[in-house]
Amino acid sequence: SLFVGSVRCVQETDLVLILFAVQSFAATFVKIADREFIKNNQPYYFMGTNFWYGLNLAAEDPKRLIVELDSLKKLGISNLRIMGSSQGPDTEPYRMAPALEKDENFTIREDLFKGIDMVLAEMEKRDMLAIVPLNDFWHWSGGFPQYVRWFCSDKPIPYPDGNRTFDDLVNYTLQFYTCKKATDHYNEFFKLIANRKNTITGRLYKDDPTIMAWQLANEPWPGKLGDIYTKWLKDTITFMKAIDANHLVSVGIEGLSSDPHYQKNSMLKEVDYMTCHLWVQNWGWYDPKNESTFENAKLMAKKYIDAHYNIVKEIPKPFVLEEFGLARDHGSYEPKATTRYKDEYYELVFKMIYELAEKKMASGVNFWAWAGAGRPARPGDFWKLGDPWIGDPPHEPQGWYSVYDSDTTVKVIENYAKLMNNLPKKQEEKSNTYIWIIIGVCGGVLLIGALILIYCLCFRSKKEYGTTKYE
């Protein structure tokens, strides 16, 4: 019976791998043509969300992961932005923990890598695609600040609390780009993750079409480094594509708000598509405790998207708004608080992106962020180890931007997901309409030409007949 059981186990495992292989063979890697993403030879437009905590959720609560992916699939969500790494030590404040990288020596938590394995395998079953940021400019995942601490500085990370400011953190993190040990470690990690063999599908990550794109980092600010930063972009993406020629690569930048050379850097041949992020409250355009500021927030959001549209028109690449969000009414962090302004704001932003997509000037949107069935342990407080995973990172008040499965916002998301998902069909119908119009016009021209020809022949025949008869 032991032998039979072993054979059965091998057969079942082989069957799973065969099924994934067949599914993978049917799928193709996302490519780009004429400003559009192309998936399985069809234009790919998407409604997506940020699901950054997927690796930890899968490792700790796989049943909830299934619930969340099923909920998102039901809503029409086809694209998830998931973190591909996090850095320890887990004792640091404002940090998602446990972390994938325990230390600077590539001590890796295998359970978290298996978490990414599971996320990708389950997404594949649901025909979803992943955008995978490889790192983070910010401290909540460890990110560049932790690399600076490990390799470049004997000073601790200046978390922006007390006497340390946000600018202190930014200036500290900018050392990453000029610290060779840090950038070399970054490159080595990419080699590690690209060549990772998924323990469920048996496929290397670099050979997995479920991954739509790698992203250099979440919001890699350039500061005032100018050409140094641009060189890092080019060199890093060139290095990545030498290892993995299958996947797209984007920067993950917010856009004009943080990169003074956004247009130039977006035009780099190494960068496959453009991104931007939009944060009306973080940037001082909106105060949820002052309702009178909402109209200005909408106006500024529109101006910000329009400013990027003016750049997109000049660069023949897809464009994705991959982060935006809004607080609950009156700035409440309570899950039961209403979302009237949030719903209206989502409607505005989705409508703008959809209208751009109709003109092939945008390809997708990822809202921030899906919490689904999760709820904050202490609304308004910072996340602590053991708290439920929701849409708000550990360094932000829990419940700030999360979208729960019970929110009325969900209906707005679902409505625009249908519109985005139907765009290829709508464009095909529009194209077919144009074809039929052209055929009709050409047919009409040919018919008129034929009638004129018949008339001319008949007239000439009558004239010749009449001349012969009366001469």
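Positions are given from 1, in the same order as the sequence printed here.
- Once rounded to the nearest 0.5 Å, the distance linking CE of M123 with CD1 of I116 reads 12.0 Å.
- Smallest separation of non-hydrogen atoms from N56 and M96: OD1-CE, 3.2 Å.
- Relative to the ring axis of F382, K384 does not place its NZ or CZ within 45° and under 6.0 Å from the centre.
- Checked for salt-bridge contact, K180 and D184 meet the test: a charged N lies under 4.0 Å from a carboxylate O.
- Checked against the 6.0 Å centroid criterion, the rings of W370 and W52 do not qualify as a close aromatic pair.
- Taking OG from S363 and CG from L321, the interatomic distance works out to 12.0 Å, rounded to the nearest 0.5 Å.
- Ring-plane geometry between H139 and H395 is classed as perpendicular, the angle between the planes exceeding 60 degrees on a 0 to 90 degree scale with a lower cut at 30.
- Ion pairing of R196 with D117 is present here, as a side-chain N (NZ or NE/NH1/NH2) and a carboxylate O approach within less than 4.0 Å.
- For an aromatic pair to be called close, the ring centres must be under 6.0 Å apart, and Y94 with W383 fails this.
- Taking every heavy atom of both residues into account, D168 and N163 meet most closely at OD2-O, 4.3 Å.
- Side chains of E254 and Y262: no donor on one and acceptor on the other come within 3.5 Å.
- Judged as a side-chain hydrogen bond (donor to acceptor under 3.5 Å, both in side chains), the pairs with a partner in residues 57-67 (not counting sequence neighbours) are, in order, E60-W389, R64-E68.
- Under a 4.0 Å N-O distance rule, the pair D154/R149 does not qualify as a salt bridge.
- The salt bridge (Lys or Arg N to Asp or Glu O under 4.0 Å) search around D227 returns K264, not counting sequence neighbours.
- With no hydrogens or angles considered, no side-chain donor-acceptor pair links S250 and T275 at under 3.5 Å.
- The closest side-chain heavy-atom distance from T409 to F367 is not below 4.5 Å.
- Between Y53 and F51, the ring-plane angle classifies as tilted under the 30° and 60° cut-offs.
- Y147 and E104 form no side-chain donor-acceptor contact under 3.5 Å, judged by distance and modelled atom types alone.
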Applying salt bridge (Lys or Arg N to Asp or Glu O under 4.0 Å) to R328 and E334, what does each step give before you reach the verdict? CA-CA 8 Å; R328 306 177 84 79; E334 294 292 337; over 6 Å; no

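- Taking the centre of each ring, W285 and W283 come in below the 6.0 Å mark.
- D306 and K302 are joined by a salt bridge, as a carboxylate oxygen and a charged side-chain nitrogen come within less than 4.0 angstrom of each other.
- Taken to the nearest 0.5 Å, the CG atom of D167 stands 10.0 Å off from the CG atom of L174.
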Going through the distances and angles, do N198 and D208 end up as a side chain to side chain donor-acceptor pair (under 3.5 Å)? CA-CA 9 Å; N198 191 307; D208 189 353; 4.8 Å; no

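- Across every non-hydrogen atom of A58 and V119, the tightest pair is CB-CG2, 3.9 Å.
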Can you list the steps and then say if D70 with R126 is a salt bridge (Lys or Arg N to Asp or Glu O under 4.0 Å)? CA-CA 8 Å; D70 284 344; R126 293 160 179 81; 2.8 Å; yes

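- Note on K298 versus E347: no salt bridge recorded, every NZ/NE/NH1/NH2 to OD/OE distance being 4.0 Å or above.
- Remark: aromatic rings of Y205 and H247 are distant, center separation not under 6.0 Å.
- Using a 4.0 Å cut-off between charged nitrogen and carboxylate oxygen, D207 and K197 do not count as a salt-bridge pair.
- Taking the six-membered ring where tryptophan is involved, the planes of F137 and F144 are perpendicular, since the angle between them exceeds 60° and thus also 30°.
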As a quick check of understanding, evaluate side chain to side chain contact (heavy atoms under 4.5 Å, CB included) for D127 and K39, giving each step before the final call. CA-CA 11 Å; D127 195 27; K39 175 188 175 188; 2.8 Å; yes

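- F350 and Y416 have tilted rings, their planes meeting at an angle from 30° to 60° on a 0 to 90° scale.
- No hydrogens or angles considered: nothing links the side chains of T293 and E291 as a donor-acceptor pair under 3.5 Å.
- Nearest heavy atoms, S266 versus K317: O-NZ, 2.7 Å.
- Under the disulfide (SG to SG under 2.5 Å) criterion, the residue pairs touching residues 112-214 are C152-C179, with sequence neighbours excluded.
- With hydrogens and angles left out, the side-chain atoms of N50 and R81 include a donor and acceptor closer than 3.5 Å.
- One side chain, W400 or Q281, offers a donor N or O that lies under 3.5 Å from an acceptor on the other.
- A donor-acceptor contact closer than 3.5 angstrom is absent between the side chains of D405 and S71.
- Between K191 and D244 there is no salt bridge, since none of the side-chain N atoms of the basic residue sits less than 4.0 Å from a carboxylate O of the acidic one.
- Judged by distance alone, the side chains of N366 and N79 do bring a donor and an acceptor atom under 3.5 Å apart.
- Ring centers of W232 and Y177: under 6.0 Å apart, within the cut-off.
- Between D111 and R109, at least one side-chain N (NZ, or NE/NH1/NH2) sits under 4.0 Å from a carboxylate O, which counts as a salt bridge.
- Between the side chains of Y159 and R95, at least one donor-acceptor pair of N or O atoms lies under 3.5 Å.
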Begin with the C-alpha distance, continue with both residues' side-chain angles, and end with the deciding distance and a verdict on side chain to side chain donor-acceptor pair (under 3.5 Å) for N265 and Y229. CA-CA 9 Å; N265 288 330; Y229 176 78; 5.6 Å; no

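- No hydrogens or angles considered: a donor-acceptor pair under 3.5 Å links the side chains of S292 and N290.
- Looking at L120 and T201, their side chains never come closer than 4.5 Å, going by heavy atoms from C-beta outward.
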Applying side chain to side chain donor-acceptor pair (under 3.5 Å), run through N415 and Y346 and close with a yes or a no. CA-CA 11 Å; N415 290 341; Y346 268 55; over 6 Å; no

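- If you check the side chains of Y333 and D392, you find no donor sitting under 3.5 Å from an acceptor.
- Donor-acceptor pairing under 3.5 Å is lacking for the side chains of N246 and K206.
- Using a 3.5 Å distance cut-off with no hydrogens or angles, the side chains of D235 and T238 do not pair a donor with an acceptor.
- Both the sub-6.0 Å distance and the 45° axial angle are not jointly satisfied by K181 relative to the ring of F151.
- When ring centroids are compared, Y309 and F319 stay outside the 6.0 Å threshold.
- Separating the CD1 atom in I108 from the CG atom in D103 is a distance of 8.5 Å, to the nearest 0.5 Å.
- Residues H185 and F189 place their aromatic rings such that the two centres sit no closer than 6.0 Å.
- Scanning both residues, F37 and M212, for their nearest heavy atoms gives CZ-CE, 3.4 Å.
- Put simply, CG on D387 and CG on D381 are 8.0 Å apart, with the number rounded to the nearest 0.5 Å.
- The nearest pair of heavy atoms linking A194 to I243 is CB-CG2, 4.0 Å.
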